[in-house]
Amino acid sequence: MTEPLHRALGLTDDELASIRSTLGREPNRDELAMYAAMWSEHCSYKSSKVYLRSLPTQGPRILVGPGQDAGAVDVGDGLAAVFKMESHSHPSAIEPYQGAATGVGGIVRDVVAMGARPIAILDPLRFGPLSDDRNRWLLEGVVAGIGGYGNCIGVPTVGGELQFARPHAANPTVNVMCVGVAPAERLVTSAREVREGSVLVLFGAATGRDGIGGVSVLASRTIEDGADETRPSVQIGDPFAEKLLIEASLELVDRGLLEGLQDLGGAGITCAVSESAARAGLGAEIDLDAVPLRERGLEPFEILTSESQERMLAVVAPDRVDEVRAVCERWGLPAVVVGRLVDGGALRVRIRGTTVAEVSARSLADEGPEYARPREPPEAQDDLLNDDPTFATVTTSPEDAFVTVLSSPNIAGKQWVWEQYDSIVQGGTVRGPGGDAALVRIEGTLRALALSSDGKGRFGLLDPYLGAAHAVAESARNVACTGATPLAITNCLNFGNPERPEVMWQFAESVRGIADACRALETPVTGGNVSFYNESGDSAIWPTAMIGMLGVIEDYRLAVSQAFGPGSWIYLAGETFPELGGSEFGEAVLGVVGGRPPALDLERERALHLLLVHAAGTGMLQSGHDCAEGGLAMALAESAIAGGTGFAVTIPGDEPPHIGMFSESASRAVLSVDPSRATELEDAAAGLGVPLARLGETGGPRIVFDGVFEMTVEEAGAIHENAIPMLLAG
Amino acid sequence: MRYRAQIVVSLKDGLLDPQGKAVEGSLPALGWTNVSGVRVGRYVQLDLEADGADAAEDQVRRMAERLLSNPVIETFDVVDISERNGA
Amino acid sequence: MRYRAQIVVSLKDGLLDPQGKAVEGSLPALGWTNVSGVRVGRYVQLDLEADGADAAEDQVRRMAERLLSNPVIETFDVVDISERNGA
Amino acid sequence: MSELPRIGVVTFPGSLDDRDALRAVAFMGGEGVPLWHADRDLAGVDAVILPGGFSYGDYLRCGAIARFAPVMEEVAAFADAGGLVVGICNGFQILCEAGLLPGALVRNRQLRFVCRWVHIRVETSISPLTGDLVAGEVLRVPVKHGEGRFVATDEQLARIEGEGFVVFRYCGDDGALGDEHTPNGASNAIAGIRNEAGNVVGLMPHPEHAVDPDVGATGGQPLFASLLSSALARVAP
Ligand SMILES: Nc1ncnc2c1ncn2[C@@H]1O[C@H](COP(=O)(O)OP(=O)(O)O)[C@@H](O)[C@H]1O
Ligand SMILES: [Mg+2]
């Protein structure tokens with residue numbers, strides 16, 4: 001049977017009907033293709049919009065909120081930090097290198113389109129277990145692709161995440177976050193004055209049959225059904241062209257030659273032109289004959305929806321076009337006039353003198369469908385919650401458990417990954433990968449941006465609301481641990497098929513969790529990305545709200561690291577409860593993914609951050625480290641390994657040791673101070689109402705849990721560092 | 001018997017070939033203005049033991065599909081399989 | 001006339017070829033234990049206008065020497081030059 | 001004489017560490033002079049740095065295309081006349097491709113890009129970067145490359161070693177050599193070499209990323225200090 005064209009393109013009958021009524025006639029196939037691309041889940045957010053509206057987006061330091069290419073935050077001195085996170089999971093699942101590489105290219109262009117110079121990349125990743133050689137192939141390819149592209153364009157990759165879970169085997173999660181900096185008054189936002197008659201200049205790579213329908217097909221249909229026709233939609237990245245595109249774009253912005261700038265991503269020219277026009281409340285005329293093509297014989301709808309990489313669209317005043325051309329030429333980039341903005345809201349497309357499409361720009365860009373899809377918790381949800389490792393009888397010795405958790409690939413050192421990334425190019429990396437948050441200084445100031453990306457898959461599966469809220473809390477804590485103040489987030493929401501009520505419930509709960517946490521921690525949402533259909537058959541990935549947190553430290557010379565040095569007193573800030581639900585211990589040692597995730601008191605969380613920032617700012621701390629995955633035991637071990645310095649501690653509380661060691665109670669950090677500053681820290685903590693318990697001291701070559709077990713830091717370090725390389729060796 | 005196989009792996013037609021593009025772009029500066037359609041691929045040569053050329057070719061094809069290329073973006077071509085006496 | 005040339009560039013024999021070794025190393029795990037001597041090189045295909053095959057071959061060799069290969073580490077082989085009528 | 005040494009840094013399409021090199025020159029008290037690949041002009045600088053990066057994407061071979069840039073004719077002439085030329089990472093690769101230095105740089109043995117702080121041992125004072133140092137000194141600097149494994153023909157290698165053209169080797173913090181200290185499998189742990197005349201040097205590590213204590217170790221400082229004093233010392237050709 002041959003299904004009708006609109007369905008083949010991913011449009012429902014109702015969507016077709018509403019296109020008909022907007023046009024007052026049948027759409028031709030070029031128009032249908034344009035709508036299909038623009039109204040795809042990926043471009044229109046039709047299933048998620050209703051929920052995303054509930055996110056807090058206002059704040060004194062927010063310069064640009066959601067809705068633009070990327071969000072922007074005031075970081076002082078009239079400078080803006082621009083950042084956004086995006087998913088490239090679907091292409092990466094079938095061509096890991098190019099899929100991940102083009103993911104980097106896309107998010108970098110989003111930041112450049114705001115007029116900002118990209119200064120950092122982070123790459124939170126999820127894969128299936130490394131025992132399967134396909135998962136090893138995916139991990140190796142994705143990491144090589146992110147490095148291959150990021151290293152080649154000269155933007156340092158300074159952080160990310162790498163976690164493993166079986167449900168991510170068929171659908172790996174590949175998110176990439178890019179951060180840029182620009183003078184606030186020079187940001188290229190739609191607020192800019194764009195006039196009727198302004199010229200549309202397309203510059204960068206030529207257009208080919210790349211990812212035709214890639215957005216609407218690749219991102220809106222699950223891998224399984226029709227994997228074959230989705231395949232050609234994977235694109236080849238050209239990082240060299242991207243580097244030239246970045247330099248040319250920023251020179252155009254610096255020289256004030258632009259009224260607007262748009263990257264060409266999903267839905268290609270159709271998206272860039274209709275959004276530019278709609279934002280200006282205008283229409284547009286474009287001439288496809290002008291578009292440089294990579295091969296002969298492209299049909300109009302192919303040119304209109306092609307997702308060829310490394311292209312940008314500039315909105316330029318007519319008298320500036322020649323200057324724009326000259327700049328592009330200097331960087332070796334073709335630049336052509338493809339059209340202009342016109343009065344009235346119509347987007348008119350011509351080729352060889354005849355009009356092939358005439359539709360309302362606003363209907364394409366802003367009037368896509370919007371669904372409040374049915375949602376309800378999975379039946380099995382309660383059974384999951386009731387299977388709680390906190391109450392399991394544990395026969396494994398604390399020492400064996402320690403080694404098991406330390407060598408679990410979720411906890412183990414990630415240097416195999418980040419050594420493949422240039423983390424120092426541009427000369428601003430004060431703190432690269434390996435700590436709680438990366439620090440990238442803002443040139444010419446003593447300020448640095450603090451960046452962390454975190455997602456909580458297991459917690460999310462057990463309680464999507466808590467999972468998302470914990471992700472926000474942990475990323476903010478990671479930032480605060482360095483002494484920086486968390487300011488705002490971006491996010492990428494990775495879920496299964498939204499047409500299934502369970503998935504929609506997970507999504508709605510996650511958004512609610514992000515909203516509550518961001519309100520309480522005063523870190524508004526500046527933007528993000530939604531990736532649905534991450535499932536095969538009916539096995540979806542774990543609901544994963546990936547959070548990208550941005551903070552600022554006023555003087556990076558006062559930044560705190562997680563590394564222990566000798567002769568300090570060790571404190572645990574925050575309180576430990578018997579909370580092994582959804583813990584690494586539960587999965588790695590007991591083989592249980594179940595239970596209630598730890599409770600989260602956002603007021604306590606915020607108090608902890610205030611303490612961390614204050615203590616760092618007054619130079620009290622020898623070290624500070626987030627206490628999260630793997631619990632207190634792992635936080636202590638990581639600080640010891642990082643500093644090559646041992647410790648001796650007594651686990652507080654009278655529960656069995658494995659509770660105190662591996663519970664993942666929220667709002668905690670492991671601090672070390674010179675004894676002479678101890679009372680100062682205790683007073684500060686008391687003042688802010690943060691529980692503070694002294695655990696012991698640092699020093700020596702050994703890790704010592706009093707009366708439980710001990711081992712050398714060297715041995716622990718080797719286990720931590722070698723775990724992932726050994727798994728990859730198969 | 002021992003065979004030597006030669007396989008060429010190249011990007012599918014229509015896909016951007018950044019390497020080819022870069023080479024082509026650099027030729028005019030070197031005075032060669034008459035060149036077009038530059039494509040850069042991978043060349044793999046290997047020796048294998050097999051009883052008969054057909055068996056050899058069959059295995060080479062399976063290796064090329066599974067390991068030497070990714071059918072999502074690449075095509076391969078077994079350009080030659082010939083018997084190697086001795087070494 | 002228009003010619004299509006195919007050039008293979010490979011690492012000199014003495015040189016360690018980690019890519020070839022990696023491929024070879026991963027074959028047994030996939031059940032292929034009869035393969036040896038895997039070498040990975042570069043394959044370049046291009047079209048050029050020239051009056052006569054000799055002129056074409058001559059230019060291709062010069063391009064291969066100057067740009068497509070590095071004599072310190074690589075050797076090249078013009079595996080084929082054939083006339084292409086039309087496009 | 002109060003005049004600052006003027007150090008040119010060439011920007012090719014795809015150069016990445018050009019800004020960092022200019023910053024490092026200024027940090028160490030020199031004057032950085034940006035140079036452009038398409039210009040046949042070195043602006044009368046006292047020394048030239050070919051910076052790190054991915055010129056022309058490093059497609060085909062690293063440095064294979066950049067070596068034909070117009071500015072390279074000037075750089076070659078400058079080098080022949082005794083001018084000081086330093087190639088860092090991609091710059092080293094370009095110098096090898098251009099034949100201004102022997103050997104070549106190929107894919108890392110482990111087939112992965114590597115970004116890591118390493119130690120290198122100075123092997124000779126004869127080079128634009130080591131004039132103020134003595135053989136045996138150990139410096140901490142970062143490497144970041146995918147194709148940094150130095151190789152050469154047997155004859156070349158024999159000559160490079162025989163005549164002391166090796167300027168840097170990868171080593172441990174104590175200066176000891178060992179495979180575990182070599183991040184890419186380079187022949188004889190070679191991290192950098194010079195030409196016969198001693199006025200051209202190339203190295204894979206990035207001294208320009210090791211001058212500012214706020215962002216790491218400072219093993220690059222003595223190298224830039226040497227470059228600046230050699231640049232001052234000689235009258236540019
Ligand atoms: N995919 C990755 N790319 C770059 N850096 C990574 C990646 N995965 C982990 N890292 C780095 O390893 C360190 C530990 O990661 P993680 O355990 O997630 O830290 P935390 O638990 O404090 O959030 C962090 O500095 C992180 O940036
Ligand atoms: Mg984390």
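At a 4.5 Å heavy-atom cutoff, the contact between D:Asp214 and chain A is made by backbone and side-chain atoms alike. In this structure, the portions of A:Ser423 lying under 4.5 Å from any heavy atom of chain D include both its backbone and its side chain. Using a 4.5 Å cut-off between heavy atoms, A:Arg330 touches chain D through backbone and side chain atoms alike. For D:Asp212, the part lying near chain A is the side chain, with the backbone staying farther off; criterion is any non-hydrogen pair under 4.5 Å. At a 4.5 Å heavy-atom cutoff, the contact between A:Ile424 and chain D is made by backbone and side-chain atoms alike. Using a 4.5 Å cut-off between heavy atoms, A:Ile153 contacts chain D through its backbone alone, with no side-chain atom that close. Only the side chain of D:Tyr59 comes within less than 4.5 Å of a heavy atom in chain A; its backbone stays farther off.
When all heavy atoms are compared, the tightest approach of A:Cys152 to D:Gly57 is SG-CA, 4.0 Å. Contact between A:Val425 and D:Asp17 at its shortest, heavy atoms only, is CG2-OD1, 3.5 Å. Summarising the geometry of A:Phe240 relative to D:Gly14, their closest heavy-atom pair is CE1-N, 3.8 Å, with the distance given to 0.1 Å. Of all non-hydrogen atoms in D:Phe113 and A:Asp422, the two that sit nearest each other are CE2-N, 3.9 Å.
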Between D:Arg112 and A:Val143, does a side-chain contact (heavy atoms from CB on, under 4.5 Å) hold up when you go through it step by step? CA-CA 10 Å; D:Arg112 294 191 302 274; A:Val143 169; over 6 Å; no

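Of residues 100-108 of chain A, no residue lies under 4.5 Å from chain D by any heavy-atom pair.
When each of A:Glu140, A:Glu247, A:Glu242, A:Gln420 is scored by its heavy-atom pairs under 4.5 Å with chain D, the top score falls to A:Gln420.
The main-chain N or O of A:Gly427 is found under 3.5 Å from a side-chain atom of D:Asp20 such that the two form a donor-acceptor pair.
Using a 4.0 Å cut-off between charged nitrogen and carboxylate oxygen, D:Arg23 and A:Glu443 count as a salt-bridge pair.
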